[in-house]
Amino acid sequence: MTIYERLHNGKKQWRFRCYYTDFNGDRVQRNSKWFNTKKEAVAAESAFMQIKVVETRTYPSMKLL
């Protein structure tokens, strides 16, 4: 997972980008909103990944051929 930084109106902002596998087994890219602090971006990324781990365990891949 990667944290990106930009300069917007003279202030730094951060966001995260990560990939996860949805319930169909497809790889999906997730781009977050821009956060004012790096700490907020890292916390949001961590919370998002925890949700995806729980969903993956609850709903195993059911991709139809």
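We count residues from 1, following the sequence as given. The structure displayed is predicted, hence computed values, not measured ones.
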Set of residues satisfying salt bridge (Lys or Arg N to Asp or Glu O under 4.0 Å) with respect to Lys38, sequence neighbours excluded: none
Axial cation check for Trp34 ring with Arg6, 6.0 Å and 45° limits: yes
Ala43: partners by side chain to side chain contact (heavy atoms under 4.5 Å, CB included), with sequence neighbours left out: none
Contacts of Arg27 that satisfy side-chain hydrogen bond (donor to acceptor under 3.5 Å, both in side chains) - sequence neighbours left out: none
Partners passing side chain to side chain contact (heavy atoms under 4.5 Å, CB included) against Asn9 (at least two apart in sequence or in another chain): none
Minimum side-chain heavy-atom gap Gln29-Arg17 below 4.5 Å: yes
side-chain contact (heavy atoms from CB on, under 4.5 Å) evaluation trace for Arg15 with Asn31: CA-CA 7 Å; Arg15 72 176 171 112; Asn31 291 307; 3.1 Å; yes
Results of side chain to side chain contact (heavy atoms under 4.5 Å, CB included) for Thr37 - residues two or more places apart only: Lys39, Glu40
Stepwise side-chain contact (heavy atoms from CB on, under 4.5 Å) check, Ser32 with Glu45: CA-CA 8 Å; Ser32 73; Glu45 177 189 24; over 6 Å; no
Gap separating the OH atom of Tyr19 from the OG1 atom of Thr2, nearest 0.5 angstrom: 9.0 Å
Side chain to side chain, Leu7 and Lys12, heavy atoms closer than 4.5 Å: yes
Ile3-Phe35 co-clustered via ILVMFWY side chain contacts under 4.5 Å: yes
ring-ring contact (aromatic ring centres under 6.0 Å, His included) partners for Tyr20, two or more places apart: Phe48
Under 3.5 Å donor-acceptor, Asp22 side chain and Asn24 backbone: yes
Distance-minimising heavy-atom pair for Trp14 and Ala41: CB-CB, 3.9 Å
